[in-house]
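Chain letters run A, B, ... following the sequence lines, proteins first, then strands; residues in each count from 1.
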2 protein chains.
Amino acid sequence: MGTTTGRRERLRAETTAEIKKVALGLMSSGGPDAITLRAIAREMGMTANAIYGYFATRDDLVTTLISDVYTSLADAVDAARDARPADDPAGRIAAWANAFRDWALTNPEGFRLIYGDPVPGYQAPETSAAPEAEHRVCAGLTGLAAGAWPHAKELYPEAEFEWSDFDPKLAAEVREEFPGLPPAAVAIALRIWGHLHGLVSLEIYGHMRVQTPRPDKIYRAELAQLIRGLGLPA
Amino acid sequence: MGTTTGRRERLRAETTAEIKKVALGLMSSGGPDAITLRAIAREMGMTANAIYGYFATRDDLVTTLISDVYTSLADAVDAARDARPADDPAGRIAAWANAFRDWALTNPEGFRLIYGDPVPGYQAPETSAAPEAEHRVCAGLTGLAAGAWPHAKELYPEAEFEWSDFDPKLAAEVREEFPGLPPAAVAIALRIWGHLHGLVSLEIYGHMRVQTPRPDKIYRAELAQLIRGLGLPA
DNA sequence: ATTAAAACTTCACGCCGTATAGTCGCCGCA
DNA sequence: TGCGGCGACTATACGGCGTGAAGTTTTAAT
């Protein structure tokens with residue numbers, strides 16, 4: 001029966017999943033630095049070298065983890081955004097942004113893994129470690145900008161950007177999903193990404209709390225100004 | 001002669017300086033991960049343990065480096081800002097922001113050292129690694145916000161923030177240097193910090209270039225909107 | 001010249017990633 | 001039922017890391 005070869009594959013998949021699970025556990029308890037092949041193996045009752053049967057190198061494992069974690073972030077923000085109706089662009093933006101910060105505060109080590117120097121000596125592959133998830137995040141943000149664009153277009157100069165200013169794949173997807181949307185809206189999306197990423201990043205890495213005990217208040221003010229700056233009703 | 005005791009101290013200071021210089025050199029050529037006691041010692045023709053006569057631990061050395069590098073960043077942005085006259089708040093903001101990004105692009109490893117996970121296993125001291133320099137950066141930003149406040153105050157709700165929302169030292173300094181400035185202006189400064197930090201950080205860590213070949217254009221648009229959002233004339 | 005301290009080396013330990021070679025058990029096939 | 005092969009795993013080893021303990025050399029002060 002073909003199930004026998006299926007069995008091996010299943011065992012293999014289970015072990016792979018356990019490696020990743022243990023690695024994520026180590027990360028959340030001891031930070032990304034705690035992701036070591038030896039520690040994972042110890043926890044699993046194996047030898048470190050056994051892991052090489054599943055991942056060619058430690059960086060390979062880390063890249064996979066980044067992709068998984070980034071996907072979970074993308075899922076979280078997408079879900080929060082889609083819980084609001086499409087005719088409430090301000091609410092969708094606020095939901096997305098709050099989900100982003102909440103996810104980061106809940107998974108600070110994951111945030112560092114995705115956006116920081118993930119692990120000692122890690123070299124990211126040429127193409128980004130999680131291009132697909134990062135792409136989803138940007139596309140989702142552009143969707144938010146698209147929802148706000150009818151209000152925002154009066155406030156922004158359209159002429160400054162061209163489609164060639166963006167990654168071809170991103171541009172193509174946006175033009176297909178939101179026909180008529182100008183490239184300037186994608187620029188807005190990237191700028192919003194930068195704003196939110198910056199505030200959350202400073203908070204996660206401890207730079208914000210030195211200046212203010214209420215980073216949440218700063219973030220809320222940011223949201224209010226963001227929505228106002230897009231010409232949306234509160 | 002008293003110069004004899006002075007000689008020892010001078011040699012000691014020179015060696016300390018050389019350790020830091022070599023460490024910074026390793027960092028700029030091989031990234032923060034390349035800062036290892038053994039590599040520094042190798043470069044200096046010493047043993048790794050000799051460094052323990054100058055720094056209690058590797059983390060101590062890294063903390064000192066962070067402080068030095070952060071100070072050089074603070075110097076750069078302060079100088080750029082002060083090159084513009086006080087009666088040109090928009091120009092001062094633009095100068096500060098451009099100096100910030102330029103410094104980061106020139107010293108990407110320094111940026112990672114300051115704002116990222118500096119080095120494998122590094123544990124920041126309880127109080128921030130470079131509180132003085134970080135303070136200067138925030139105070140400088142608040143100065144920019146103060147310059148813009150006469151124009152911006154119409155656009156922002158003042159009531160949302162109180163002085164107790166900020167670090168007492170920061171608040172005290174701001175209140176002394178800019179009497180009459182409301183706490184809302186400090187919130188604006190922190191938000192601007194977040195915006196610029198986020199865009200630069202995404203660029204430095206390679207997330208922005210995956211989405212756009214022209215991060216400079218995004219940054220320029222950010223600046224324009226920032227100045228416009230503060231009610232300043234371009 | 002003597003002495004005490006500072007600067008530096010040597011050796012050792014336990015981590016790490018990973019390359020190489022070898023062992024064991026399960027699979028399909030005769 | 002026996003057997004060959006292959007995949008999963010272990011054993012051993014190398015060089016790198018931070019760092020502690022102990023010993024040696026250099027230097028300044030008496």
Side-chain angles (χ1 to χ4, degrees), chain A residues 1-20 22-23 26-27 29-65 117-125, chain B residues 1-20 22-23 26-27 29-65 117-125:
Chain A
M1 297 291 290
T3 54
T4 42
T5 85
R7 190 179 101 91
R8 272 246 270 261
E9 280 166 20
R10 203 192 60 233
L11 284 179
R12 188 178 177 75
E14 277 170 12
T15 307
T16 306
E18 191 186 352
I19 291 172
K20 296 204 280 185
V22 170
L26 286 168
M27 180 185 79
S29 65
D33 289 354
I35 305 176
T36 69
L37 298 184
R38 292 180 127 104
I40 295 168
R42 226 175 287 136
E43 196 114 343
M44 292 178 66
M46 295 194 342
T47 315
N49 274 355
I51 299 179
Y52 284 94
Y54 300 88
F55 297 93
T57 148
R58 186 205 53 157
D59 280 11
D60 260 34
L61 168 58
V62 171
T63 299
T64 303
L65 293 178
D117 300 295
V119 124
Y122 176 77
Q123 282 286 31
Chain B
M1 298 291 290
T3 54
T4 43
T5 85
R7 191 179 104 89
R8 267 246 273 258
E9 281 167 19
R10 203 192 60 232
L11 284 178
R12 190 180 172 74
E14 276 170 12
T15 306
T16 306
E18 190 186 351
I19 291 172
K20 296 204 281 184
V22 169
L26 286 168
M27 180 185 79
S29 64
D33 289 353
I35 305 177
T36 69
L37 297 185
R38 291 180 129 105
I40 295 168
R42 226 176 288 135
E43 196 114 343
M44 292 177 66
M46 293 191 346
T47 319
N49 276 0
I51 299 179
Y52 283 92
Y54 301 88
F55 297 92
T57 122
R58 187 206 51 159
D59 280 11
D60 259 35
L61 168 59
V62 171
T63 300
T64 303
L65 293 178
D117 301 294
V119 124
Y122 176 77
Q123 281 285 34

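- Contact annotation for A:Thr15: no contact, since no heavy-atom pair falls under 4.0 Å across all strands.
- Nearest heavy-atom pair across A:Ile51 and A:Leu37 is CD1-O, 3.4 Å.
- Residues A:Ala23 and A:Ile35 approach most closely at O-CG1, 3.9 Å, considering heavy atoms.
- Comparing C:dC16, C:dC11, D:dT12 by their nearest atom to the side chain of A:Ala39 picks out C:dC16.
- Here the side chain of A:Arg42 is nearest to one of D:dC9, C:dC15, C:dT10, namely C:dC15.
- Here the side chain of B:Thr47 is nearest to one of D:dT19, C:dC16, C:dT10, namely C:dT10.
- A close approach under 4.0 Å does occur between a side-chain nitrogen or oxygen of B:Arg12 and OP1 or OP2 of C:dA7.
- Listed nucleotides: D:dT10, C:dT18, D:dT19. Nearest to the side chain of A:Ala48: C:dT18.
- In this structure, B:Asp60 atom CG and D:dT19 atom C1' are separated by 13 Å, rounded to whole Å.
- Phosphate proximity of C:dG17 to A:Thr57: absent, as no side-chain N or O sits under 4.0 Å from OP1 or OP2.
- When the nucleotides D:dT12, C:dG17, D:dC9 are ranked by their closest atom to the side chain of A:Ala50, D:dC9 comes out on top.
- The distance from atom CE of A:Met46 to atom C1' of C:dG17 is 15 Å, rounded to the nearest whole Å.
- The side chain of B:Tyr54 contributes an N or O atom lying less than 4.0 Å from OP1 or OP2 of C:dC8.
- A donor-acceptor pair is defined here as one N or O able to donate and one able to accept, closer than 3.5 Å; such a pair exists between the side chain of A:Thr57 and the backbone of A:Asp59.
- Atoms CD1 (A:Ile51) and P (C:dT18) sit 11 Å apart, rounded to a whole Å.
- Rounded to an integer number of Å, the gap from CG of B:Asp59 to P of D:dC17 is 16 Å.
- Annotation: side chain of B:Thr16 is in contact with side chain of B:Phe55 (closest heavy-atom distance under 4.5 Å).
- Closest contact between the side chain of B:Tyr52 and the listed nucleotides D:dT19, C:dA7, D:dT10 involves D:dT19.
- In this structure, B:Asn49 atom CG and C:dA6 atom P are separated by 18 Å, rounded to whole Å.
- Between B:Arg58 atom CZ and D:dT19 atom P the separation is 6 Å, expressed in whole Å.
- Heavy atoms of B:Thr36 sit under 4.0 angstrom from primed sugar atoms or phosphate atoms, though from no base atom.
- Distance B:Ile40 CD1 to D:dT19 P: 11 Å, rounded to the nearest Å.
- Nucleotide D:dC17 holds its C1' atom 6 Å from the CZ atom of B:Arg38, rounded to whole Å.
- Without hydrogens or angle criteria, B:Thr47 side chain to B:Ala50 main chain gives no donor-acceptor distance under 3.5 Å.
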